[in-house]
Enquirer: 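Sharing a structure below in structure tokens format, with a few things to ask.
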Protein chains: 2
Amino acid sequence: MPRIRHERFDCSPGCTVEGTLRYIDGKWKGVVLYHLFEGTMRFNEIRRRIPNCTQRMLTNQLRELEADGLIARKIYPEVPPKVEYSLTPRGRSLEPVITALKVWGDANVTLAPEASQAAA
Amino acid sequence: MPRIRHERFDCSPGCTVEGTLRYIDGKWKGVVLYHLFEGTMRFNEIRRRIPNCTQRMLTNQLRELEADGLIARKIYPEVPPKVEYSLTPRGRSLEPVITALKVWGDANVTLAPEASQAAA
DNA sequence: GCACATAGTGTCGAAAAGGATACCGTCATG
DNA sequence: CATGACGGTATCCTTTTCGACACTATGTGC
């Protein structure tokens with residue numbers, strides 16, 4: 001998964017903004033991170049909290065977050081399998097960012113867009 | 001332009017995070033907003049600040065930001081054409097978000113990714 | 001007449017992201 | 001023996017996004 005979005009971030013002063021975006025961009029990364037702030041969780045625990053996300057997508061997002069060093073994946077060699085996800089310090093340092101996103105969203109985002117124009 | 005990303009944001013408590021992301025997601029929106037915090041600007045002024053963004057892309061991003069009510073577009077009926085872009089109050093309210101993104105980015109984003117692994 | 005600047009638009013095509021679905025191995029339960 | 005839970009993969013296909021490039025209109029300067 002390329003995950004490029006921008007080749008470099010020194011083109012312009014505001015480019016580090018895009019740089020950060022690179023990490024949380026991905027359809028479910030924001031929510032995943034948000035939930036992980038609550039604490040360590042197992043795969044299906046996260047899954048249940050994000051019902052609209054398919055298993056494949058969740059796996060994808062978790063893998064990318066892991067590759068970016070934002071979350072840690074701990075496998076317990078048991079049966080049935082048990083895998084726990086938690087934030088790394090780097091991931092935890094994103095908390096103010098996610099919080100800012102959430103605060104703005106709570107104030108400005110219409111929860112169900114269709115409701116406002118579903119008068120068709 | 002669909003710009004959906006998520007159908008609704010009430011599926012899970014963290015979903016407003018994705019809701020906010022919907023507005024600033026788009027390859028150059030973060031930078032565009034960032035630059036507009038400095039003040040009103042003309043089209044080519046913005047363009048010069050984001051050299052890697054093509055004209056068509058910039059137009060696109062500006063149109064989407066406008067449609068989302070984050071920026072205002074003022075056309076002066078002159079020749080040669082003159083169009084000014086500025087933030088709306090709603091757009092300005094995103095400032096803490098963009099700032100949070102920038103702060104984290106400044107601290108955590110490697111400016112030129114290839115430099116760190118271009119040892120090929 | 002030609003090129004340049006402004007602020008775009010239109011079309012095309014490639015690449016990436018996302019979704020649906022089916023499948024894997026193992027153990028416990030019924 | 002069949003089923004379900006766990007934590008995934010593999011494959012296929014569609015949608016979305018991005019980038020390149022050409023083209024528009026008008027007025028000015030040469």
Side-chain angles (χ1 to χ4, degrees), chain A residues 1-8 11 15 18 21-32 35-36 40-68 71-86, chain B residues 1-8 11 15 18 21-32 36 40-68 71-86 113:
Chain A
M1 254 130 274
R3 216 91 298 273
I4 25 160
R5 186 171 171 126
H6 289 275
E7 310 251 325
R8 50 197 310 125
C11 58
C15 265
E18 292 292 327
L21 245 13
R22 191 182 92 86
Y23 291 102
I24 54 183
D25 168 42
K27 197 163 180 185
W28 307 97
K29 291 201 191 161
V31 222
V32 169
H35 285 295
L36 281 180
T40 298
M41 274 180 215
R42 298 185 56 175
F43 185 83
N44 276 353
E45 222 170 327
I46 302 175
R47 198 152 125 75
R48 273 188 289 273
R49 281 163 197 254
I50 316 178
N52 298 348
C53 181
T54 64
Q55 189 171 32
R56 195 181 85 86
M57 263 301 119
L58 183 55
T59 308
N60 258 350
Q61 305 293 293
L62 288 169
R63 286 296 188 288
E64 289 185 11
L65 288 168
E66 193 195 355
D68 285 336
I71 63 175
R73 182 157 170 266
K74 180 161 187 193
I75 306 164
Y76 293 81
E78 304 174 1
V79 127
K82 174 174 171 184
V83 179
E84 279 184 352
Y85 291 92
S86 58
Chain B
M1 256 131 279
R3 233 37 355 252
I4 23 161
R5 186 170 172 125
H6 289 275
E7 311 251 326
R8 49 197 311 123
C11 57
C15 264
E18 292 291 328
L21 244 15
R22 190 182 93 88
Y23 291 102
I24 54 185
D25 168 42
K27 197 164 180 183
W28 307 96
K29 292 201 190 160
V31 222
V32 169
L36 282 179
T40 299
M41 273 181 217
R42 298 185 57 177
F43 185 83
N44 276 354
E45 222 170 326
I46 302 175
R47 198 153 125 74
R48 273 187 290 273
R49 283 165 195 255
I50 316 178
N52 298 348
C53 181
T54 64
Q55 189 171 33
R56 199 180 83 84
M57 261 301 121
L58 183 55
T59 308
N60 258 349
Q61 304 294 292
L62 288 169
R63 286 295 187 289
E64 290 185 11
L65 288 169
E66 194 196 353
D68 285 337
I71 63 175
R73 181 158 169 266
K74 180 162 189 194
I75 306 166
Y76 294 81
E78 301 173 0
V79 131
K82 175 174 169 182
V83 180
E84 280 184 352
Y85 291 92
S86 59

Enquirer: What's the CZ-P distance between A:Arg22 and C:dA17, to the nearest Å?
Expert: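 In whole Å, C:dA17 P and A:Arg22 CZ are 10 Å from each other.
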Enquirer: Could you state the CG-C1' distance from B:Asp25 to C:dG18, rounded to the nearest angstrom?
Expert: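 Result: 13 Å.
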Enquirer: Check every atom of C:dT6, D:dG7, C:dG8 against the side chain of A:Phe43 and return the nucleotide holding the closest atom.
Expert: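 Closest nucleotide to the A:Phe43 side chain: D:dG7.
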Enquirer: Could you list the residues that satisfy side chain to side chain donor-acceptor pair (under 3.5 Å) with A:Arg5, not counting sequence neighbours?
Expert: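 A:Glu18, A:Asp25, B:Asp25.
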Enquirer: Specify the separation, in whole Å, of atom CZ of A:Arg48 and atom P of D:dG8.
Expert: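 It is 14 Å, rounded to the nearest whole Å.
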Enquirer: Would you say B:Glu64 and B:Val32 make side-chain contact, with heavy atoms under 4.5 Å?
Expert: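 Of all side-chain heavy-atom pairs linking B:Val32 with B:Glu64, none is under 4.5 Å.
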Enquirer: If you compare all heavy atoms of A:Arg73 against all heavy atoms of A:Val83, which two are closest, and at what distance to 0.1 Å?
Expert: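 Heavy-atom minimum between the residues: CG-CG1, 3.8 Å.
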Enquirer: Whole-Å distance between C:dG8 C1' and B:Leu58 CG?
Expert: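 Taking atom C1' of C:dG8 as the reference, CG of B:Leu58 is at 10 Å.
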Enquirer: Quick one, give me the B/S/- string for nucleotides 19-30 of chain D, reading 5' to 3', where B means a protein heavy atom under 4.0 Å from the base and S means that only happens at the primed atoms, P, OP1 or OP2.
Expert: BB------S---
Enquirer: Rounded off to whole Å, could you give me the NE2-to-P distance for the A:His6 and D:dT17 pair?
Expert: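 Atom-to-atom, A:His6 to D:dT17, this comes out as 14 Å.
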Enquirer: When you look at B:Arg49 and B:Val31, which way does the side-chain contact (heavy atoms from CB on, under 4.5 Å) test go after all the steps?
Expert: CA-CA 9 Å; B:Arg49 283 165 195 255; B:Val31 222; over 6 Å; no
Enquirer: For B:Thr40 and B:Ser86, work out which heavy atoms get closest and say how close.
Expert: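 Closest approach of B:Thr40 to B:Ser86, heavy atoms only: OG1-CB, 3.4 Å.
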Enquirer: Enter the distance from A:Glu45:CD to A:Tyr85:OH here, rounded to the nearest 0.5 Å.
Expert: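 Taking CD in A:Glu45 and OH in A:Tyr85, the distance rounds to 12.5 Å.
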Enquirer: Could you tell me how far apart B:Gln61 (CD) and D:dT16 (C1') are, to the nearest whole angstrom?
Expert: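 Computing the B:Gln61:CD to D:dT16:C1' distance gives 13 Å.
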Enquirer: Take atom CG of B:Asn60 and atom C1' of C:dT11, then tell me their distance rounded to the nearest Å.
Expert: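 The distance from CG of B:Asn60 to C1' of C:dT11 comes to 13 Å, rounded to the nearest Å.
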Enquirer: Report which part of the nucleic acid B:Tyr76 touches: base, sugar-phosphate, or nothing (heavy-atom distance under 4.0 Å, all strands).
Expert: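 Answer is nothing: B:Tyr76 stays at 4.0 Å or more from every strand.
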Enquirer: Which sits closer to the 5' end of DNA chain C, B:Thr59 or B:Asn44, going by the nucleotide each is nearest to?
Expert: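 It is B:Asn44, whose closest nucleotide lies nearer the 5' terminus.
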Enquirer: Roughly how many Å is it from CZ in B:Arg42 to P in C:dT6, rounded to a whole number?
Expert: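 So the CZ-P distance, B:Arg42 to C:dT6, works out to 7 Å.
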Enquirer: Check whether any side-chain N or O of A:His6 sits under 3.5 Å from a backbone N or O of B:Lys27 as a donor-acceptor pair, and report yes or no.
Expert: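 Checking the backbone N and O of B:Lys27 against the side chain of A:His6, a donor-acceptor pair under 3.5 Å is found.
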